[in-house]
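Below, chain A is the first sequence line, B the second, and so on; all start at residue 1. Model, not experiment: these values are computed from the prediction.
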Amino acid sequence: MIHVFNTMTRTKELFTAIQPGVVNMYVCGPTVYNYIHIGNARSAIAFDTIRRYFEYSGYQVNYVSNFTDVDDKIIKAAHEAGISEQALTTKFEQAFNDDTKPLNIKPATVRPLATEHIDEIIAFVVDLIAKGYAYEAQGDVYFRARKFPDYGHLAHQNIDDLEIGASERLDDGELARKEDPVDFAVWKGANPDEAITWASPWGPGRPGWHIECSVMALKYLGTTIDIHGGGQDLAFPHHTNEIAQSEAHTGTTFANYWLHNGFVTVGDDNEKMSKSLGNFVTVHDLLQDVDAQALRLMMATTHYRRPLAYTKVAITEAIQIVKRLQTAYANLAFRVQQADAVQTPDVDFTAQVNAFKVNFMQAMDDDFNVANAMTVINDFATALNVYANQAAVSALTGQLALDEFAAEVMVIGVDVQPVANDDDTSWIDEQVAARDAAKKAKDYAQADAIRAALKAQGIILEDTAQGTRWKKE
RNA sequence: GAUGGUAUAGCCAAGUGGUAAGGCAUGGGUCUGCAACACCCUGAUCGUCGGUUCGAAUCCGAUUACCAUCUCCA
């Protein structure tokens with residue numbers, strides 16, 4: 001029984017899927033005009049963890065997340081770089097994939113682009129106008145926010161308060177075209193110098209920022225989706241406007257649950273990291289010298305709604321934890337492969353493993369409480385180590401435990417299973433055998449020399465009751 | 001101004017009425033020929049003030065500090 005915190009109601013609610021066993025979720029993706037920064041990554045990681053937990057729990061998840069590939073910033077960045085908008089967005093779409101893969105962020109089921117849905121967007125806008133929710137004004141089309149009942153509910157903003165802010169910010173031209181300052185654009189007429197435009201009933205132009213998500217969520221997931229997610233800063237105006245448009249269009253609830261992740265903060269005063277403040281670190285740069293698994297663990301194990309302070313200390317600690325989890329897995333995996341492991345189940349250890357699974361799910365069922373889940377995973381890791389040191393172990397139960405452990409850790413996006421290695425390692429095995437021989441002859445000077453020589457090459461030796469094993473540093 | 005969030009050990013952090021999980025770091029110990037791996041042990045009365053209660057980190061009031069949103073932003 002999974003409970004999620006719904007921004008709309010500000011309470012934890014029991015999650016009930018529209019279609020039993022299936023979760024349809026839409027997560028707003030980045031605008032692709034630069035490398036993603038770790039704030040973008042945090043959002044992707046938060047919802048990837050949520051997705052993985054639904055899948056771990058037996059749900060089929062249809063995970064749709066877009067790229068915004070047309071807007072003012074893209075036009076500006078492309079112009080500055082002297083390349084086409086499409087060349088720019090293609091580059092950073094690829095960069096997104098390259099940066100998120102090592103973070104174990106699963107590819108979206110569908111990754112739609114705004115520019116590939118222009119016809120649907122225009123049809124959507126036509127319908128909004130037909131229903132009286134939108135109006136054309138000199139090539140632009142605006143949505144009548146006040147006509148939509150309860151506008152601003154998601155962000156708990158009062159429309160009259162919003163009007164004051166809106167009136168102060170808008171430029172005169174836009175203000176003059178709007179019937180009401182709180183109205184927002186669903187279609188933007190092209191400026192004369194803009195090359196990236198599409199023909200529409202209102203002349204050449206391009207979609208407003210919010211409309212693409214409404215259109216694509218509808219197209220790929222249906223009129224009412226289970227979960228809509230994104231960063232906290234999207235609650236207003238982006239999601240607020242999506243709700244207004246979508247519900248005006250379909251006449252029914254857009255999304256049953258709204259989930260918002262907290263920000264990444266940086267510096268001593270925990271300031272929000274953002275592109276506009278210029279205080280961001282791109283994942284592209286960071287991965288040059290930070291272990292991707294550690295970064296993933298650090299970001300996944302802070303509860304998704306809490307602010308996440310990005311610090312060197314947090315990374316260092318995450319490196320330790322990843323190592324501990326991988327070592328625990330390796331320790332028992334090594335033992336399970338040994339000839340002395342029996343092929344009958346171990347009842348007591350099976351019960352322990354089952355208890356860990358129950359506790360893990362209990363923690364994650366509570367709005368994805370990863371902190372408590374990590375407590376379980378830590379206990380689990382200790383149990384693997386203890387079991388690996390027992391005089392007698394069951395290969396069957398050991399493997400069962402390893403699989404369950406790996407599955408739980410994979411929910412937070414960390415892979416504890418060793419990567420396949422094609423390098424020729426027979427020379428290491430020869431050195432280990434030579435050292436064993438020296439030890440047997442009590443020639444410890446020689447044994448230690450071999451160990452030191454291997455260490456110099458990044459090979460660590462570990463002696464166990466079942467023989468010596470090695471691993472890379 | 002409006003609307004939210006946060007404040008627990010050196011650091012990260014769980015915990016919504018019953019006497020403070022877990023991790024990292026520190027120190028000690030076991031295992032080892034010595035190491036490595038692993039295991040065991042080791043720490044806080046919960047921003048401040050007041051109230052309710054047999055009992056509060058948890059509820060109420062006040063107060064302080066920091067962060068965020070209010071049409072660029074994950």
query = What distance, rounded to whole Å, do you find between the two P atoms, one in B:C67 and one in B:U19?
reply = 37 Å

ask   = Looking for any heavy atom pair under 4.0 Å, which part of the strands does A:Ser274 touch: base, sugar-phosphate only, or nothing?
value = base

Test salt bridge (Lys or Arg N to Asp or Glu O under 4.0 Å) applied to A:Asp463 and A:Arg469, step by step = CA-CA 6 Å; A:Asp463 292 335; A:Arg469 63 168 187 254; over 6 Å; no

Donor + acceptor pair across side chains of A:Glu212, A:Thr68 (<3.5 Å) = yes

request  = Report the nucleotide, chosen from B:G33, B:A21, B:C39, that has the shortest atom-to-atom distance to any side-chain atom of A:Tyr444.
outcome  = B:G33

inquiry  = Nearest to the side chain of A:Val313, heavy atoms from C-beta on, is which of B:A21, B:C11, B:C34?
reply    = B:C11

message = Mind checking if A:Phe263 touches a base, just sugar-phosphate, or nothing, with heavy atoms under 4.0 Å?
response = base

Candidates B:A25, B:U71, B:A35 - which lies nearest the side chain of A:Asn241 = B:U71

ask   = What integer distance in Å separates A:Leu325:CG from B:G22:P?
value = 17 Å

ask   = Would you call A:Asp48 and A:Arg52 a salt bridge, using N to O less than 4.0 angstrom?
value = yes

message = From CG of A:Asp463 over to P of B:G33, roughly how many Å is that when rounded to an integer?
response = 9 Å

query = Choosing from B:U71, B:C37, B:A68, which nucleotide comes nearest the side chain of A:Lys471?
reply = B:C37

request  = Choose from B:G23, B:U71, B:A13 the nucleotide whose nearest atom is closest to any side-chain atom of A:Ile321.
outcome  = B:G23

key: A:Arg324 side chain, from C-beta outward: closest of B:C24, B:A74, B:U71   = B:C24

task = Searching all strands shown, indicate the nucleotide that pairs with B:A44 (Watson-Crick or G-U wobble; both distances under 3.5 Å).
result = none

query = For the pair made of CD in A:Gln157 and P in B:A68, what is the distance, rounded to whole Å?
reply = 16 Å

query = Has A:Lys147 got its NZ or CZ under 6.0 Å from the middle of the six-membered ring of A:Tyr133, at an angle within 45 degrees of the ring axis?
reply = yes

message = For B:C59, give the paired nucleotide (Watson-Crick: N1-N3 plus N6-O4 or O6-N4; G-U: N1-O2 and O6-N3; both under 3.5 Å), or none.
response = B:G51

key: Residue matched to B:A20 through Watson-Crick or wobble contacts both under 3.5 angstrom   = none

request  = For nucleotides B:G10 and B:G43, find the distance between their P atoms and express it as a whole number of Å.
outcome  = 14 Å

ask   = Centre of A:Phe5's six-membered ring, under 6.0 Å away, within 45 degrees of the axis: is that where NZ or CZ of A:Arg305 sits?
value = yes

request  = Run the ring-centre check on A:Phe184 versus A:His210 and record whether the distance is less than 6.0 Å.
outcome  = yes

inquiry  = Of the options B:A68, B:C70, B:A13, whose atoms approach the side-chain atoms of A:Phe236 most closely?
reply    = B:C70

inquiry  = Under 4.0 Å from OP1 or OP2 of B:G15: is there any side-chain N or O of A:Asn369 that close?
reply    = yes

request  = Scan A:Gly230 against the nucleic acid and name what it touches under 4.0 Å (heavy atoms): base, sugar-phosphate only, or nothing.
outcome  = sugar-phosphate

Nearest listed nucleotide, side chain of A:Thr31, among B:A36, B:A21, B:A74 = B:A74

request  = Record whether the side chain of A:Asp161 comes under 3.5 Å of the base of B:G1 through a donor-acceptor pair of N or O atoms.
outcome  = no

Donor-acceptor pair under 3.5 Å, A:Arg451 side chain vs B:A36 base = no

ask   = Which of the following nucleotides, B:A21, B:U69, B:C37, is nearest to the side chain of A:Thr375?
value = B:A21

Length of the line joining A:Lys455:NZ and B:A35:P, which is rounded to integer Å = 15 Å

query = Where the side chain of A:Thr382 is concerned, which of B:G33, B:C40, B:C37 is the nearest nucleotide?
reply = B:C40

Assigned partner base of B:A13, Watson-Crick or wobble definition, under 3.5 Å = none

ask   = B:U32 C1' sits how many Å from A:Lys439 NZ, rounded?
value = 8 Å

